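Below is one structure, written out as structure tokens, with a few remarks after it.
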Amino acid sequence: MAKEYNYREIEQKWHRLWAERQTYKVTEDERREKFYVLNMFPYPSGAGLHVGHPLGYIASDIYARYKRQQGFNVLNPMGYDAYGLPAEQYAIKTGQHPEKTTFANIDRYREQLDKIGFSFDWDREVRTCTPDYYHWTQWAFQKMFNSYFDEELQKAQPIEKLIEKFKQEGTWPADEKAQSDLLMNYRIAFLGETMVNWCPKLGTVLANDEVVEGVSVRGGYPVEQKKMRQWCLRVSAYSQRLLDGLDTIDWSESIKETQRNWIGRSEGAEIEIPYTLSKDGDEAGSFTIFTTRADTMFGVTFFVLAPESELVDKVTTPEQRAAVDEYLKYVKSRTERERMIDHTVTGVFSGAYGINPITGDKCPIFIAEYVLAGYGTGAIMAVPAHDSRDYAFAKHFDLPIIPLVEGADISEESYDAKEGIVCNSPITPDKSVEYDGERLCLNGLTIKEAISETKRFVKAHNLGRVKVNYRLRDAIFSRQRYWGEPFPVYYKKGIPTMIPEECLPIELPQVEKFLPTETGEPPLGNAQIWAWDEKNRKIVDKKLIDEAAGIYPIELYTMPGFAGSSAYYLRYMDPHNDQALVSDRAASYWQNVDLYVGGSEHATGHLIYSRFWNKFLFDLGVSKKEEPFKKLVNQGMIQGRSNFVYRIKETNTFVSLGLKDKYDVTPIHVDVNIVKNDILDLDAFKAWSPEYATADFVLEDGKYVCGWAIEKMSKSMYNVVNPDMIVENYGADTLRLYEMFLGPVEQSKPWDTNGIDGCFRFLKKLWALYWDKDGNLALTDDEPSADSLKTLHKLIKKVTGDIEAFSYNTSISAFMVAVNELSQQKCSSRTVLQTLPVLIAPFAPHIAEELWEALGGEGSVCDAKWPQYEEKYLVETSVKLGVQFNGKVRFDMLFPADATPEQMIELATSAPEAAKYLEGMDIVKTIAIPKRIVNIVVKPKA
RNA sequence: GCCCAGAUGGUGGAAUUGGUAGACACGAGGGACUUAAAAUCCCUUGGCCAGUGAUGGCCGUACGGGUUCGAUUCCCGUUCCGGGCACCA
């Protein structure tokens with residue numbers, strides 16, 4: 001009996017031995033070069049892992065193992081993003097503490113992950129919800145509170161420096177409350193009264209990236225705009241650095257582009273506009289507009305303010321008051337979603353007029369919802385000829401439109417392009433205001449020239465300033481939830497004050513109920529022991545709150561999901577340190593993440609926040625690199641492949657795919673686990689649901705063929721494939737290989753269990769190379785044949801290159817080819833067969849270990865040195881090339897491998913096969929590319 | 001609307017970046033072994049046409065053009081699918 005490939009035994013054995021031997025434990029070792037591989041840590045959901053989750057983990061594990069075999073000291077940790085809404089909502093429903101369900105889910109995840117054979121160092125596991133972890137989340141928050149962003153230095157500085165500056169300037173107020181309010185405008189973590197995304201259904205505010213098309217990402221509930229006092233992070237201060245940093249990192253162009261869009265830098269000018277409250281009135285004040293099209297100043301025919309702008313109240317005249325109020329009421333009644341979808345032109349005249357500083361013209365000021373309060377200054381100059389939105393507005397309210405570009409047709413639509421020659425600027429020479437003897441004239445310039453000329457003019461005559469705006473907003477950092485990090489903040493006479501750093505962490509208090517309180521306080525309002533005793537430096541019962549006694553209320557908000565996930569990669573470097581987020585030694589050694597693998601859905605969330613957070617910690621000197629993730633690989637989504645059966649309407653009879661068109665049928669999803677190669681297991685189907693127990697079938701060729709479709713993997717489509725089941729039936733190594741074989745890691749692709757046999761067969765063939773028919777090792781110490789050496793070295797070359805390029809599907813193909821070749825060559829040479837497990841180890845570590853051990857290899861195959869290929873084995877003595885005539889391959893022939901192009905042409909044209917193509921022809925041109933092709937261009941003789 | 005990425009057999013996907021398109025795998029068909037099944041092994045498998053046959057010819061990488069001796073690859077235009085941004089002035 002040949003020795004069977006018993007994957008179950010092998011994999012269990014090695015899981016045990018790896019654990020016993022602590023094979024994957026890593027420590028800082030300055031003598032060796034480091035390599036940091038990281039996966040985006042998962043949120044442990046109740047549903048467990050499906051086959052799509054491990055895709056990225058497998059890809060990064062292969063890379064980590066490969067790097068380790070190359071001699072790098074590889075950090076490859078794993079942990080859990082443990083705070084999150086599902087656990088909280090489950091707690092609200094069942095009363096079960098979210099920690100309990102979260103930990104149970106984590107155990108389940110761990111069990112599933114362990115089966116796949118990852119090289120994670122579990123000693124470094126982190127969970128964002130444990131106090132020893134969120135200690136440092138709270139600590140970072142306090143550091144942000146105590147820092148401001150210095151625009152000159154473009155970096156965070158201690159807030160004391162700012163206070164010092166205010167004192168020197170004499171602008172430092174005496175009153176404590178006033179001091180606090182002043183500093184709030186500068187702190188990187190600050191309490192701000194801002195418009196927030198409020199989701200009534202979830203009872204919490206949400207960050208911009210948590211809202212898509214006016215509804216919450218989680219749950220899809222409507223979101224409205226509300227002014228609330230919230231903790232915010234001054235992410236916008238880092239806009240330019242976040243933008244510049246993108247050029248220094250190895251991420252996909254599309255994700256960098258997404259971040260550039262999200263940051264939304266635009267260069268423009270801010271211009272002061274004086275206004276009057278009637279057509280002939282005196283100047284009553286001024287406001288500032290922002291424009292990127294300074295060149296269009298001569299085409300301004302009205303101004304528009306955002307309805308939420310503070311200016312609205314100032315510019316509204318008594319006559320227009322009623323109309324304006326009514327309009328504001330209308331705007332308020334519209335949800336964010338309605339405003340986004342419905343772009344009908346609405347607006348109201350304020351009664352006031354703005355004075356164009358360039359032309360001196362007075363133009364009406366409108367209030368309209370198409371201008372956003374949060375961007376620029378919340379006020380614009382409208383140039384209907386060259387902006388489609390202004391155009392629509394002007395048409396609707398019958399306002400003048402002045403074209404400013406030569407030849408632009410504006411009868412039907414505006415001309416928005418920034419191309420062309422400027423005209424009508426000014427229309428007549430006297431139609432411009434003189435400043436210090438200079439008048440602005442843009443006629444004849446290109447638009448680009450006109451923009452810079454106007455900017456220069458505006459700046460020179462102090463009419464405004466050049467300004468860069470960013471769309472990136474500050475992140476709202478508080479949530480009205482229970483299951484999150486509590487803020488280490490108390491309110492001393494209404495002034496937010498940090499709990500001393502030495503007293504951290506402030507642990508999440510126990511509560512009876514996880515819902516908001518009856519008085520509308522967040523869930524932490526239910527906590528009894530939740531007041532800060534300043535003197536005794538401890539948390540006490542909130543009944544004791546007493547300003548005189550120095551006992552104050554603690555913040556009731558908690559931190560959002562991204563708080564814990566923003567710096568976890570630093571914590572992995574030194575996870576048990578209770579003195580610092582990370583020791584200087586560990587941070588200096590591990591630096592930053594060399595390879596980060598995860599989904600692209602985090603492009604505008606986690607991947608912006610961590611970059612921001614890391615830049616802040618970099619400014620503090622805690623993080624050693626400006627960018628946290630050097631290379632990013634976004635693994636594609638694994639979609640489900642659903643199967644369908646076709647029920648004839650109003651019967652319990654099911655008809656096979658090929659015959660379904662003859663009947664009136666309803667397609668019904670059927671569990672993919674009872675279908676193999678699209679053939680339905682009839683008994684399993686009957687047993688699947690009582691409804692189908694008595695089902696009849698119309699078969700074709702005695703089989704029931706199911707239909708299929710590619711859909712999202714979800715329970716309701718019965719297309720979820722569980723990795724445990726694959727491991728059970730085929731083994732972890734097969735699962736690992738197949739997940740990679742499916743296609744490029746970055747690409748989204750459907751999961752189709754049907755193809756898995758190919759990978760399973762490959763492993764069985766590999767296994768069979770090593771054993772004779774009696775089950776003994778079939779190895780000889782013979783010199784390997786030239787063929788076998790060529791096969792081996794070709795493989796080494798290919799696999800090494802493919803791993804570096806993250807192209808795992810092609811390297812697995814190469815393995816398949818090599819094993820087939822070796823098997824045909826009947827190779828039994830120890831030299832060759834001992835190298836094979838070393839090469840396959842990153843992909844299929846269990847079988848590699850087993851073979852390595854059987855061959856008497858030293859230690860673990862995980863540490864076996866990655867082999868180098870040698871060109872000498874790959875050298876060809878002759879090469880077969882196609883010979884082309886006029887670009888068409890006519891025949892193949894052998895050439896000496898070292899033939900020069902001239903020799904190749906000589907050989908090709910004198911070959912017997914060439915005769916019939918050369919007959920009656922003249923050679924026009926010859927091209928010979930060594931290792932490629934020989935091409936002879938001919939034409940009929942004249 | 002703007003920006004980005006893509007389209008290759010029945011299926012997943014290869015193609016050394018301009019050099020014999022379809023590697024590898026699945027599925028399908030045929031065969032060997034077997035009482036049978038599983039497992040294993042061998043052959044065929046992009047389409048069309050000619051030939052008893054070895055074989056030969058033509059067409060083929062979403063569509064239409066272009067550059068080139070030669071294009072899946074480069075350029076221009078079109079269609080379709082995916083992703084991001086979106087009254088951002």
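Since this is a predicted model, take the numbers as computed values, not measurements. Just so we're on the same page: letters track the sequence lines, and every chain starts at 1.
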Pair assignment for [N], Watson-Crick or G-U wobble, requiring both distances under 3.5 Å:
| N | answer |
| --- | --- |
| B:rA32 | B:rU40 |
| B:rG56 | B:rC49 |
| B:rG70 | none |
| B:rG1 | B:rC85 |
| B:rA14 | none |

Can you tell which of [options] lies closest to the side chain of [X]?
| X | options | answer |
| --- | --- | --- |
| A:Lys765 | B:rC41, B:rC4, B:rG19 | B:rC41 |
| A:Ile927 | B:rA89, B:rU40, B:rC69 | B:rC69 |
| A:Arg761 | B:rC87, B:rC26, B:rA15 | B:rC26 |
| A:Lys764 | B:rA39, B:rC4, B:rG84 | B:rA39 |
| A:Trp262 | B:rC4, B:rC87, B:rC85 | B:rC85 |
| A:Ser254 | B:rC4, B:rG12, B:rA25 | B:rC4 |
| A:Thr604 | B:rC85, B:rG19, B:rC24 | B:rC85 |
| A:Phe741 | B:rA15, B:rG12, B:rG19 | B:rG12 |
| A:Ile933 | B:rG19, B:rC3, B:rG13 | B:rG19 |
| A:Asn754 | B:rC26, B:rA89, B:rC4 | B:rC26 |

Can you check whether [X] has a side-chain N or O nearer than 4.0 Å to OP1 or OP2 of [N]?
| X | N | value |
| --- | --- | --- |
| A:Tyr370 | B:rA89 | no |
| A:Asn809 | B:rA14 | yes |
| A:Lys749 | B:rG12 | no |
| A:Ser266 | B:rA89 | yes |

Mind checking [X] for me? I need base, sugar-phosphate or nothing, with any heavy atom below 4.0 Å counting as a touch.
| X | result |
| --- | --- |
| A:Lys797 | nothing |
| A:Pro744 | sugar-phosphate |
| A:Arg473 | base |
| A:Val371 | base |
| A:Arg260 | nothing |
| A:Asn820 | sugar-phosphate |

Specify the glycosidic conformation (syn or anti) of B:rG10, with syn defined as within 90° of 0. anti
Answer syn or anti for B:rU40, where the cut-off is 90° from 0 on the glycosidic torsion. anti
How far does the [atom1] atom of [N] sit from the matching atom of [M], given to the nearest Å?
| N | M | atom1 | value |
| --- | --- | --- | --- |
| B:rG13 | B:rC26 | C1' | 11 Å |
| B:rA25 | B:rA36 | C1' | 29 Å |
| B:rC48 | B:rA37 | P | 32 Å |
| B:rC76 | B:rA21 | C1' | 24 Å |
| B:rC24 | B:rU79 | C1' | 32 Å |
| B:rA7 | B:rA86 | C1' | 26 Å |
| B:rG84 | B:rG9 | P | 27 Å |
| B:rG47 | B:rA23 | P | 13 Å |

Which whole-number value in Å describes the distance from [X] [atom1] to [N] [atom2]?
| X | N | atom1 | atom2 | answer |
| --- | --- | --- | --- | --- |
| A:Phe895 | B:rG19 | CZ | P | 18 Å |
| A:Glu413 | B:rG1 | CD | C1' | 11 Å |
| A:Gln747 | B:rU8 | CD | P | 10 Å |
| A:Asp752 | B:rC26 | CG | C1' | 8 Å |
| A:Leu742 | B:rC24 | CG | P | 18 Å |
| A:Met740 | B:rC26 | CE | C1' | 18 Å |
| A:Ile608 | B:rG84 | CD1 | C1' | 12 Å |
| A:Ile255 | B:rG6 | CD1 | C1' | 17 Å |

To the nearest 0.5 angstrom, please state how far the OG1 atom of A:Thr926 sits from the CD1 atom of A:Ile905. 3.5 Å
Rounded distance (nearest 0.5 Å) linking atom CZ of A:Arg736 with atom CG of A:Leu55: 12.0 Å
Would you check if there is a donor-acceptor pair between the side chains of A:Asn469 and A:Ser266 at a distance under 3.5 Å? no
Do you see a donor-acceptor pair shorter than 3.5 Å between the side chains of A:Gln825 and A:Thr791? yes
Under 3.5 Å, is there any donor-acceptor pair linking the side chain of A:Asn935 to the base of B:rC69? yes
Is it the case that the base of B:rG19 and the side chain of A:Gln884 share a donor-acceptor contact (distance under 3.5 Å, atom types as modelled)? yes
Centroid-centroid distance, A:Phe843 to A:Phe815, less than 6.0 Å: yes
Would A:Phe397 and A:Phe393 count as a close aromatic pair, with their ring centres under 6.0 Å? yes
Specify the residue among A:Gly264 and A:Asp757 whose closest nucleotide of RNA chain B lies further upstream toward the 5′ end. A:Asp757
Whichever of A:Leu372 and A:Cys759 has the more 5' nearest nucleotide on RNA chain B, that residue is A:Cys759
For the side chain of A:His386 and the backbone of A:Asp416, is there at least one donor-acceptor N/O pair under 3.5 Å apart? no
Taking A:Glu728's backbone N and O only, do any of them form a donor-acceptor pair with A:Tyr7's side chain (distance below 3.5 Å, no angle check)? yes
On the 0 to 90° scale, with breaks at 30° and 60°, tag the A:Tyr375-A:Phe290 ring pair as parallel, tilted or perpendicular. perpendicular
Which residue in the set A:Tyr330, A:Tyr327, A:Tyr370 passes side chain to side chain donor-acceptor pair (under 3.5 Å) when paired with A:Thr346? A:Tyr327
